[in-house]
Amino acid sequence: MNTLFFQYALAVRYLLGRKLRTGLTTLAIVFGVTVFFGLGMLTPAMSEAFRQNLIMSAGEVDLTVTHVTGGSFGAAALDVVRRTDGVAHATGMLRRNILLPAGLGRASGTKQEVTAVGVVGLDPATARTVRSLSLTTGRFLSDDDTSTMVIPVGLASKLALGVGDTFALPSSSGTAAFKVVGILSARPAAGVEEVCVPLSSAQALINQPGQINVVEALLAPGARRDSVAAAVQARLGDGFRLGGLEAGGEVQAAIKFGQTFYGLFGLMALLTGAFIIHNTFRSVVVERRHDLGMLRAVGASRRTVLGLTLAEALTQGVAGTALGLAAGYVLAALIMAAVTPLARDYLRVDIGRPLVPTVPNVVASVVLGVGIPVAGALLPAFSAARVSPLEALRPAADSSATRAAGRRALAGVALIVVAALTLVSGQFALSSLGTALFLVGLILIAPAAVRPIASTFGRLLGLLLAQEGQIAQGNLAREPGRAAITASTMMVGLAIAIALLGTLSSVLGGYRGYLDRSLGAHFLVMPSSLVLSGGNVGAGPDLAQRLRETPGVGALTTLRLASSEAQGIQLQLIGIDPGSYPLVSGLTFSQGDPAQAYAAIGRERAIILNGILATQLRAKVGDVLTLRTPEGDLPYQVVGVGLDYLNSKLTTGYISQAYLANDFHETSDVLLMVNAAPGANVAAVGGALERVVRDYPAFSLLDSESFRASQAEMLANFQRASYALLLAIAIPGLVAMVNTLAINVVERTREIGTLRAVGTTRRQVQRMILGESVLLAATGTAFGILAGLWLSYVFVAGMRATGFILAYDFPWAGVLACVAVGLLIGVLAAMLPARQAAQLPIVAALRYE
Amino acid sequence: MAVIETVNLTKVYGHAETAVTALDHVNMVMQAGEFVAVMGPSGCGKSTLLHLIGGLDRPTEGCVRLEGRDTSRLSDTQLTELRRRKLGFVFQFFNLMPVLSALDNAALPLLLDGARPEHARAKAAEWLHRMGLGARLSHRPRELSGGQQQRVALARALVAEPLVILADEPTGNLDTRASDEVVGLLRQIADEAGRSVLMVTHDPRLAAYADRIAFLKDGRIVDETRLSGDRDAEAQVTREKVAAL
């Protein structure tokens, strides 16, 4: 116990003895935990916000029946429920969350804004037999009502509405005004506030005549819920679900995808941290050879020395994790603050919820934040434990290094060959494994490669620093193991930078491509939320008709929306008109012939999948999928894999609008794209369209150029944010490089003293160290670029495998920037140690041990 | 019983053509409280002898017996424990831990042995006081002079009350006055605490503090002299003997 305490105390002393180094290496852990924990906390909060916005409460009734796709169905199902034994009363409803465009959801003179309401179309005759709805004032809906509404008391006070006032909702034909006839007493609800309107009004509002999407039932006294539910389920079949209505599965999936992506980013930062710690400790063990030998000589066991090194890593891990957790919370809060207004404006979702860390997230962050540095220090700790007590007494270097380097290099070459084979295999899982092999291979080769690389670059350096350059080259080649530690630190830092730059520029290039292709029309008539399924109210056929009739309008196409399920995976279906869609917009295809695919979906039950959906379903062209529809399970043949910009991140299938109407009863347009006719004055057409769209507050007219510009700006912002993250990953790596270089100089103090004693000037010593540093940096940069290109290629291949259609964009700018940064670091890293070395008093340097 | 006994102690470095015999069948005995100096030209095997006796290295042939127990057969863990409890080392370059204070450096063997920190520090403080460093307990090594650092190292060697102190050129880095102080302390330790001291030195003047001098040449003990007590005279004789080696 006392030994343990001693180990820990000594570890802390060592860490405090090198505050800068400790701080900078710990920074890598802090950063990793910050990203991992912060984003891990943020995504569930956002996900919950979306869920609550999208989910409609099940209500306090005995039995609720919905369709598994979340879509609507005819009144036949209501009859089935009514006729089931044990059911006393049943009522049909049409419920839908509707986003309120800015302007409709705010009472004049108030700042509070309601972004969405749940609209519940009730059958006034039967609703109150099933639900208890108590009013504070006014009356309930009656059979002969058309545009009346009862609203909850909370909403009434937010919008300053009372009985007799009018509340307008966006509708398929523009807006629909409802007269408030009653105020409901408060009812606790997890999601948005619900307003009740007559069923027929709701059907007209969202353009679903004769449709309902929920059946609620009250059981007869004495009836057992289980057996009644089983009977209802048996009669309706498995296309129906008993329980609450859920929506937005595809949005949830997208959020989860985001969480995984950023989680990987955080993990990568932590792994970089582990590598930096690994390398720092490798250098530390070299630096402390004498101390460790002495400890062993005075009786420290191997285990004590091992524990000492691990205790240092543990301390750094614990401190870094603690700081990272705090910083992660701040990061999440900052992102939340930044995203909340954006989400409200673009997606009409209120995500301003308190951030609560979840236990699994905290545990995972702590395990990774503490475990990874300790794992990184493990090998150096073992090598520290192997230091012989004699090391305390002799300054000799390891003679077996060269032989070991040769063996390692051979192993490295073998690993790289295997990695290359995995790359040509085309299997993503294999090539990911290959990437790890490639990196390990490079690290193994590094010591053996230092000499040839140093001699190649050394010739160049010789032109600049004739004599010192040669000595620098010699120094580097003489201690290839130590040089390799430094170079490989730099390699990993730069490799990650290049990999991310390469992947990012490929991905953003891909997105810009989808953007131009799928939203390339002159004008876009956009709904409130960019997430099409996020509660937008579609327009009936009259909007498209009126737009079409606007003078100067050429081709026009619309998108419609439904949800479905295939093989247990929730998906959104986009209904396109195969005739006009390719004229105005278009998908980017990765499988199938576009012309044939569009023709096929117009002709038969055929579907084009987007990449994510195809990957999740493991489906390819020619397969037949069974889609859940309100009409039962129906087969759709896959005729292509392609994607558009808005839906690239959601599980999406594209079918024709005719089949969407037939099988899913959806005929509303959620997005309209319009081209000006050839020769028409585009600006004048825009003006005319604007006058039409003004009648539909759920929509806004955008000229696609400015929309694309704003989206491109958003992508550019994303790119900039990623660069900032990149810098944060790269900086600790570079610090580690400075660190190892400085240790290099300290180790050679005596030698520098000798050089000074025989007449080397301070300036020459400085140049020599500068030369060595630049050579090291060049070696690290060369390796880093190689590894980075490989990594980025594999990443892009991985993205392709998950359904994104991307061309590999060679990161020329990134490579050039890395060369410049690499050499600059070489110079910067040398400045301090070179100064120190040159200023050492010769006698002190000669006596340095 | 002898505290230390070496039996045909041999150390060969390298193999075949490159083999170098650093120590060649050395037989030597040290009694409790005896102060032995080892002298000889550079490369004669002085340090190797010390390393083998101290369990820092293993012999190629022969053995070292500490209180009759053959140390060459011990495992690494047993050797480590032996170094911690029975042996104290003093090195030429002091080899103090730069991050620890004088007090913690001196307490190190006890702390490593799992002693309670307050007990270890109390004992270390006691030794540091005896070494004349009572006012320097919290100083780091770089804040101490060479002589003071070596006295801290001496306190560290003694704190676990070992049987034997092994000193490898302990004055190699010190001026004459500090050298005399340090070797004087070693003499005192042998006389008053009954510890055996084995010291490697080049300096005949300092070797004259010992009870006995062993002269090494080419890995063998070629002469042994028991000293009378007249240091100046002994130093002169020793100087001549060393010159003749």
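Chain letters run A, B, ... following the sequence lines, proteins first, then strands; residues in each count from 1.
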What pairs of donor and acceptor atoms, side-chain ones from residues 308-319 of chain A against any protein atom, are under 3.5 angstrom apart with sequence neighbours left out?
residue, atom, partner, partner atom, Å
A:Thr309, OG1, A:Val305, O, 3.1
A:Glu312, OE1, A:Arg288, NH2, 3.2
A:Glu312, OE2, A:Arg288, NH1, 2.7
A:Glu312, OE2, A:Arg288, NH2, 3.3
A:Thr315, OG1, A:Tyr8, OH, 3.0
A:Thr315, OG1, A:Ala311, O, 2.6
A:Gln316, NE2, A:Thr22, O, 3.4
A:Gln316, NE2, A:Thr25, OG1, 2.8
A:Gln316, NE2, A:Thr26, OG1, 3.1

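If you run side-chain contact (heavy atoms from CB on, under 4.5 Å) between A:Val298 and each of B:Leu87, B:Val159, B:Asn105, B:Leu108, only B:Leu108 comes through.
Here the OG1-CG distance, from B:Thr80 to A:Leu295, works out to 11.5 Å after rounding to the nearest 0.5 Å.
A search for salt bridge (Lys or Arg N to Asp or Glu O under 4.0 Å) contacts involving A:Arg302 returns B:Asp76, not counting sequence neighbours.
For B:Lys86, the NZ atom is loosely surrounded, since the number of other residues' heavy atoms within 6.0 Å does not exceed 12. Heavy-atom contacts from other residues, nucleotides or ligands closer than 6.0 Å to CZ of B:Arg65 number 12 or fewer.
The shortest heavy-atom contact between A:Ala297 and B:Phe91 is CB-CZ, 3.7 Å. Closest approach of B:Ser101 and A:Arg13 over heavy atoms only: N-NH1, 4.2 Å.
Between chain A and the residues B:Leu96, B:Thr77, B:Leu100, the largest count of heavy-atom pairs under 4.5 Å involves B:Leu100. Contact tally against chain A (heavy-atom pairs below 4.5 Å) for B:Arg84, B:Arg140, B:Glu81: the top residue is B:Arg84.
Heavy-atom distances place both the backbone and the side chain of A:Ser301 under 4.5 Å from chain B. For A:Arg296, the parts sitting under 4.5 Å from any heavy atom of chain B are the backbone and the side chain alike. Proximity to chain A is limited to the side chain of B:Arg156, based on heavy atoms less than 4.5 angstrom apart.
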